**Student:** 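Submitted below is the structure of interest, expressed as structure tokens.
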Amino acid sequence: MPLEGEYEPSPEDWVRDQVERYEATDGREAGTLGDTGLPVVIFTTRGNKSGKLRKTPLMRVEHDGAYLLVASKGGAPSHPVWYHNLRADPSALEVQDGADRFDATARELDGDERAEWWERAVAAYPPYAEYQRKTDRRIPVLLAERR
Ligand SMILES: C[C@H](OP(=O)(O)OC[C@@H](O)[C@@H](O)[C@@H](O)Cn1c2nc(=O)[nH]c(=O)c-2cc2ccc(O)cc21)C(=O)N[C@@H](CCC(=O)N[C@@H](CCC(=O)O)C(=O)O)C(=O)O
């Protein structure tokens with residue numbers, strides 16, 4: 001059941017535009033990160049303070065139908081706020097991969113499972129390794145599993 005509520009676009013123009021074009025074309029347009037050719041996926045969460053719907057493009061890291069959310073934010077010292085939204089309500093999550101949209105539940109990974117998925121993340125988007133080197137915070141990774 002798609003998440004209900006008022007959508008509040010990102011304050012970042014490039015993010016807002018990517019979401020808009022991706023959703024309008026099921027990812028045929030704006031389906032990659034700039035001209036890297038690397039695919040992105042749109043995750044919808046619920047603002048843990050506003051209750052509004054927030055849409056966040058992230059790099060596509062998929063395996064056996066599960067999708068990884070990497071809270072890298074370019075190696076910034078603080079977590080992206082969508083991470084706090086998912087910590088507050090892990091089941092308020094919708095995934096759009098191209099034309100495929102589905103409800104999911106997120107769980108934060110640790111230990112061997114995290115290591116295995118981190119390898120997949122870096123293989124899909126090598127700059128993640130650089131981002132982790134750039135910051136003391138351990139970049140959280142969460143697995144979105146279809147409900
Ligand atoms: C700018 C900020 O965004 P953020 O949630 O911190 O997320 C920062 C980024 O991670 C996010 O912009 C990503 O989409 C950037 N990004 C990636 N970000 C990543 O972290 N990892 C990626 O792999 C990644 C890939 C990517 C590809 C394409 C693209 O266009 C963007 C990409 C934001 O939206 N802030 C809002 C608030 C958003 C929000 O959720 N508010 C909550 C409260 C949150 C709180 O304060 O706890 C609420 O509504 O209640 C605002 O300032 O008004």
Side-chain angles (χ1 to χ4, degrees), residues 1-5 7-12 14-19 21-23 26-27 30-147:
M1 178 69 180
L3 288 176
E4 313 240 314
Y7 166 47
E8 178 69 36
S10 169
E12 307 278 354
W14 62 291
V15 172
R16 189 171 56 237
D17 296 347
Q18 175 139 34
V19 168
R21 285 178 52 221
Y22 191 111
E23 289 193 325
D26 277 345
T32 59
L33 176 67
D35 53 7
T36 64
L38 296 175
V40 304
V41 167
I42 307 286
F43 294 93
T44 302
T45 62
R46 185 177 299 289
N48 72 86
K49 295 186 179 110
S50 70
K52 292 181 178 177
L53 298 187
R54 304 290 188 161
K55 295 177 189 273
T56 304
L58 298 176
M59 299 319 293
R60 184 180 188 280
V61 182
E62 182 273 340
H63 180 71
D64 280 351
Y67 290 75
L68 197 71
L69 296 94
V70 180
S72 50
K73 201 174 145 185
S78 62
H79 297 322
V81 292
W82 59 260
Y83 170 68
H84 301 299
N85 296 345
L86 279 175
R87 296 275 299 185
D89 188 352
S91 59
L93 177 60
E94 207 175 286
V95 182
Q96 179 169 3
D97 181 11
D100 185 15
R101 294 180 79 138
F102 57 91
D103 296 340
T105 300
R107 63 185 171 86
E108 190 161 351
L109 301 185
D110 212 346
D112 293 346
E113 192 181 21
R114 182 185 190 280
E116 184 189 329
W117 275 95
W118 180 257
E119 249 181 75
R120 288 191 183 112
V122 173
Y125 187 58
Y128 280 141
E130 174 53 32
Y131 297 160
Q132 184 56 84
R133 280 193 292 273
K134 256 175 81 174
T135 178
D136 295 340
R137 76 180 167 98
R138 188 173 85 146
I139 292 176
V141 295
L142 303 96
L143 196 62
E145 292 169 300
R146 195 183 286 254
R147 275 207 298 279

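Index from 1, following the sequence. The figures that follow rest on heavy atoms only: side chains count, while hydrogens, waters and symmetry mates do not. Here the structure is a predicted model, which means the values were calculated and not measured.
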**Student:** Over all heavy atoms of both residues, which pair between P80 and R137 is shortest? Give the atoms and the distance, please.
**Tutor:**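 Shortest heavy-atom contact: CD-NH1, 4.2 Å.
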**Student:** Applying salt bridge (charged side-chain N to carboxylate O under 4.0 Å, His left out) as the test, list every pair that has at least one member in residues 72-92; sequence neighbours left out.
**Tutor:** R87-E108
**Student:** I need the minimum non-hydrogen distance between Y22 and V40, along with the two atoms involved.
**Tutor:** OH-O, 3.2 Å
**Student:** Ignoring hydrogens, what is the shortest heavy-atom contact between L3 and L53? Give both atom names and the distance.
**Tutor:**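 It is O-CD1, 3.6 Å.
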**Student:** Got a second to check how far D103's CG is from R147's CZ, nearest 0.5 Å?
**Tutor:** 5.0 Å
**Student:** Should the pair Y131 and Y125 be assigned to parallel (<30°), tilted (30 to 60°) or perpendicular (>60°) ring geometry?
**Tutor:**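 If you compare the ring of Y131 with that of Y125, the planes turn out tilted.
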**Student:** Could you please spell out the steps behind the salt bridge (charged side-chain N to carboxylate O under 4.0 Å, His left out) verdict for D97 and R60?
**Tutor:** CA-CA 8 Å; D97 181 11; R60 184 180 188 280; 2.8 Å; yes
**Student:** Mind checking whether W117 and H63 have parallel, tilted or perpendicular rings, split at 30° and 60°?
**Tutor:** perpendicular
**Student:** Any carboxylate oxygen within less than 4.0 angstrom of a Lys/Arg side-chain nitrogen, looking at D100 and R146?
**Tutor:**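 Between R146 and D100 there is a salt bridge, with a charged N closer than 4.0 Å to a carboxylate O.
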**Student:** Please report the shortest heavy-atom distance between D64 and E62, naming the atom on each side.
**Tutor:**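 Looks like N-OE2, 3.4 Å.
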**Student:** To check you understand the geometry: which heavy-atom pair defines the closest contact between W82 and T56, and what is its length?
**Tutor:**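 In this case the closest contact between W82 and T56 is CD1-CG2, 3.5 Å.
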**Student:** Looking at R16 and E8, is any side-chain nitrogen of the basic one under 4.0 Å from a carboxylate oxygen of the acidic one?
**Tutor:** no
**Student:** Working to the nearest 0.5 Å, report the span between OG1 of T45 and CG of L69.
**Tutor:** 9.0 Å
**Student:** Tell me whether the NZ or CZ atom of K55 lies within the 45° cone about the ring axis of Y7 and under 6.0 Å from its centre.
**Tutor:** yes
**Student:** Check step by step if salt bridge (charged side-chain N to carboxylate O under 4.0 Å, His left out) holds for R107 and E113.
**Tutor:** CA-CA 11 Å; R107 63 185 171 86; E113 192 181 21; 2.8 Å; yes
**Student:** Provide the closest heavy-atom pair for G51 versus R46 in the form atom of the first, atom of the second, distance.
**Tutor:**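 Closest heavy-atom pair between G51 and R46: O-NH1, 2.9 Å.
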**Student:** Say you draw a straight line from CZ of F43 to OH of Y67; how long is it, rounded to the nearest 0.5 Å?
**Tutor:** 8.0 Å
